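See below for the structure under consideration.
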Amino acid sequence: MLALTACTEADAPEPTAVQDTTGPTSAAGSAPADGSPVSAKDVCAYLDGQVPTLKGIGSETGAMANLTVNLYSWYEKQGPVPNGRDIDDQTRRECPATRTEVLKLAGIESFERL
């Protein structure tokens with residue numbers, strides 16, 4: 001038997017307000033204007049690169065698990081991990097088609113569900 005659980009936003013710890021100034025920054029040399037440590041363009045490029053992997057998994061549950069682990073790990077390397085709402089906002093603006101495809105492959109409607 002396989003059990004998959006997910007955190008709701010209420011279960012997840014709030015991201016810290018302290019930003020690591022030694023980590024990567026945007027191409028312009030500073031954090032993106034919206035205060036996120038990672039630009040929307042970078043998030044979208046990462047997600048676009050994940051589409052073939054998510055398609056190859058073949059199940060929504062597997063794709064969601066893969067997306068959860070790998071997206072968190074990718075963000076953690078960049079600095080503070082944003083909440084799902086922030087990821088939704090960035091991807092709606094920058095890459096709505098990629099966002100829709102990734103969420104559909106994972107069987108979720110929002111990154112808040114991860």
Side-chain angles (χ1 to χ4, degrees):
M1 175 188 244
L2 174 68
L4 180 67
T5 61
C7 296
T8 64
E9 190 170 340
D11 296 335
E14 288 294 318
T16 60
V18 178
Q19 185 173 356
D20 179 6
T21 58
T22 63
T25 59
S26 68
S30 62
D34 65 1
S36 302
V38 179
S39 73
K41 184 176 181 178
D42 289 344
V43 173
C44 290
Y46 174 79
L47 292 173
D48 194 49
Q50 293 301 300
V51 169
T53 300
L54 297 175
K55 284 181 178 179
I57 291 171
S59 77
E60 288 180 348
T61 302
M64 182 175 76
N66 181 282
L67 180 63
T68 300
V69 171
N70 290 332
L71 185 60
Y72 180 87
S73 295
W74 180 79
Y75 268 115
E76 196 171 48
K77 292 174 187 173
Q78 313 301 315
V81 178
N83 64 45
R85 185 175 300 136
D86 292 339
I87 300 169
D88 281 331
D89 291 345
Q90 283 188 313
T91 56
R92 274 190 195 106
R93 284 191 313 266
E94 184 71 26
C95 56
T98 297
R99 175 186 184 277
T100 299
E101 185 171 15
V102 167
L103 294 177
K104 182 178 179 182
L105 289 167
I108 56 178
E109 296 176 9
S110 167
F111 287 103
E112 288 186 86
R113 304 294 297 171
L114 295 180

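Here, residue 1 is the first one in the sequence, and each next residue gets the next number. Excluded from the calculations below are hydrogen atoms, water molecules and symmetry mates; all remaining heavy atoms, backbone and side chain alike, are included. The structure presented is a predicted model; accordingly, all values stated were derived computationally and were not measured.
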Applying salt bridge (Lys or Arg N to Asp or Glu O under 4.0 Å) to Asp89 and not counting sequence neighbours gives Arg92
Throw together a table of side-chain donor-acceptor distances under 3.5 angstrom for residues 62-69, partners on residues two or more places apart or in other chains.
residue, atom, partner, partner atom, Å
Asn66, OD1, Asn70, ND2, 3.0
Thr68, OG1, Met64, O, 2.7

Report task. Give the intermediate values and the outcome of side-chain contact (heavy atoms from CB on, under 4.5 Å) for residues Ile87 and Leu114. Result -> CA-CA 11 Å; Ile87 300 169; Leu114 295 180; over 6 Å; no
The ring-ring contact (aromatic ring centres under 6.0 Å, His included) partners of Tyr46 (sequence neighbours excluded) come to Trp74
Here the gap from Leu71 atom CG to Phe111 atom CZ, rounded to the nearest 0.5 Å, amounts to 6.5 Å
So salt bridge (charged side-chain N to carboxylate O under 4.0 Å, His left out) across residues 65-74, not counting sequence neighbours, yields none
The complete set of disulfide bond (SG atoms under 2.5 Å apart) pairs with one or both residues in residues 40-101, sequence neighbours excluded, reads Cys44-Cys95
Residue pairs passing the ring-ring contact (aromatic ring centres under 6.0 Å, His included) test with at least one member in residues 50-70, sequence neighbours excluded, are none
Enumerate, atom names and distances included, each donor-acceptor pair closer than 3.5 Å involving a side-chain atom of residues 98-107, sequence neighbours excluded.
residue, atom, partner, partner atom, Å
Arg99, NE, Thr91, OG1, 3.3
Arg99, NH2, Asp88, OD1, 3.0
Thr100, OG1, Pro96, O, 2.9
Glu101, OE2, Lys55, NZ, 3.1

